[in-house]
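Basis for what follows: all heavy atoms, side chains included, without hydrogens, waters or symmetry-related copies. For ligands, and for the atoms within them, numbers begin at 1 and follow the listed sequence.
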Amino acid sequence: MNRLIRLFGTSIGRKLVMAGTGLMLIGFVLVHMLGNMAMFQGADALNGYAAWLQGHPLIWAARAGLLGVFLVHSVTAVSLALENRRARPVAYGRKELVAATLASRYIVLSGVLVLGFVIFHLGHFTFGWFQPEHFQARDAQGRHDVFHMVVAGFQSPLFSGVYVVSMLLVGFHLHHGVKSLVQTLGINHDSYNALLSLAGKGLVGLIVIGNCSFPVLVLMGVIGASGDN
Ligand code: HEM
């Protein structure tokens, strides 16, 4: 335990924490997107999936774990950003240093915007602060009508637009995050660097396209036209 605390006191230790928690958050975003794909099968599939999740005995443990990972990731990011700022030389002599500083600035800024999106998203679909009329809906079996909530929400071009822009931001953050975690973990070899970079881009692309497909297909009338597809 003491060793872990001492490791967290070093900058490489904190970078490892960022990499580990970042990987877990990417895992969540991927699984969340795959689960939401139940939307393609219609209202019964999505509402059944949501009811199963809500009623799962481990749901609160999973939520607490996710919140913990999210908090550790954010607090560690702030501590590393402050450390970088303190360590910054007065004048930059080298181009690479400027590029590295810009990249880390982009990742911090996009991280703050992703945090803003998550707060907005929880307010929308978990707490019903926005469009409360759609949040109240129940289906014929008395379950929370998540399908109606999501489809009605995305039928608003404004809400859909906010989600599409947010997914591009999530993609931007993940793209820089994946590059940085590969560097931290020291995964670097001429024989597989190109393949690894392609796999990282493919994963981020899949997350962005998959998540954008929900609002875009609702706006096009492909999802939700008949109410149960
Ligand atoms: C267009 C893409 C997305 C859709 C359609 C979507 C949909 C949903 C829905 C319907 C819920 C509520 C589930 C329920 O109450 O049963 C939810 C919860 C949540 N979403 Fe998303 N989501 C999207 C993208 C994201 C992204 C990119 C993130 C993270 C960066 C995210 C993080 C969360 C979190 C943390 C929850 C709360 C989970 C819980 O209640 O325990 N979502 N999402």
Side-chain angles (χ1 to χ4, degrees), residues 21-71 73-74 77 110-132 134-139 142-175 177-178 203-220 222-224:
T21 50
L23 268 176
M24 291 183 217
L25 291 170
I26 293 176
F28 164 77
V29 172
L30 186 66
V31 170
H32 185 46
M33 182 194 81
L34 294 174
N36 283 337
M37 294 214 161
M39 219 178 297
F40 295 129
Q41 288 172 276
D44 190 48
L46 186 67
N47 293 351
Y49 167 67
W52 172 79
L53 265 186
Q54 297 289 341
H56 199 285
L58 292 179
I59 182 74
W60 283 104
R63 280 177 169 160
L66 181 63
L67 182 66
V69 169
F70 196 77
L71 287 178
H73 191 77
S74 312
S110 59
V112 172
L113 293 172
V114 169
L115 173 66
F117 160 73
V118 172
I119 295 171
F120 160 78
H121 181 53
L122 291 179
H124 190 199
F125 287 156
T126 301
F127 301 121
W129 297 335
F130 317 112
Q131 303 180 314
H134 303 315
F135 184 73
Q136 314 288 351
R138 299 267 140 197
D139 68 9
R143 300 174 299 193
H144 184 205
D145 198 344
V146 176
F147 184 82
H148 171 80
M149 170 180 80
V150 173
V151 168
F154 288 160
Q155 273 166 351
S156 149
L158 177 66
F159 276 81
S160 270
V162 169
Y163 272 87
V164 168
V165 171
S166 302
M167 289 313 113
L168 295 177
L169 274 168
V170 167
F172 182 86
H173 186 72
L174 292 186
H175 174 65
V178 167
L203 176 70
V204 174
L206 180 78
I207 289 174
V208 173
I209 293 172
N211 274 331
C212 284
S213 72
F214 306 125
V216 169
L217 292 178
V218 168
L219 275 184
M220 288 169 67
V222 176
I223 298 180

Do the side chain of S213 and the main chain of G210 share a donor and acceptor less than 3.5 angstrom apart?
yes

Counting from 1 in the order shown, the ligand 1 atoms closer than 4.0 Å to a non-hydrogen atom of Q54 are 14 (C), 15 (O), 16 (O)

So the angle subtended at atom 21 (Fe) of ligand 1 by H121 atom NE2 and H32 atom NE2, rounded to 10 degrees, is 170°

Contact region, V150 to ligand 1, non-hydrogen atoms below 4.0 Å, reads side chain

From the list F154, F117, F159, ring pair (Phe, Tyr, Trp, His ring centres under 6.0 Å) partner of H124 resolves to F159

*Nearest protein heavy atom to atom 13 (C) of ligand 1: under 4.0 Å?*
no

What one should report as the nearest heavy-atom pair of M167 and V208 is O-CG2, 3.7 Å

Self-check item: Within-cut-off N or O pair, Y163 and ligand 1, under 3.5 Å
Solution: no

_Minimum side-chain heavy-atom gap M37-F40 below 4.5 Å_ = yes

For N211, the ligand 1 atoms with a heavy-atom partner under 4.0 Å come out as 1 (C), 2 (C), 27 (C)

Note: V146, heavy atoms under 4.0 Å from ligand 1, region reported as side chain

Query raised in the report: Got a protein heavy atom sitting under 4.0 Å from atom 38 (C) of ligand 1?
Result: no

Heavy-atom proximity to atom 26 (C) of ligand 1 ranks first, among F70, Y49, F117, for F117

Parallel, tilted or perpendicular: which one describes the rings of Y49 and W52, with boundaries at 30° and 60°? parallel

Atom 35 (C) of ligand 1 has as its nearest protein heavy atom F28 CZ, 3.8 Å

Is the gap between the ring centers of F135 and F127 under 6.0 Å?
no

d(L115 CG, S110 OG) to nearest 0.5 Å is 11.5 Å

re atom 41 (O) of ligand 1, the protein heavy-atom contact at minimum distance is R63 NE, 2.6 Å

For the backbone of R143 and the side chain of N47, can you confirm whether one donor and one acceptor N or O come within less than 3.5 Å of each other?
no

If we number the atoms of ligand 1 from 1 as shown, the ones under 4.0 Å from a heavy atom of A50 are 16 (O)

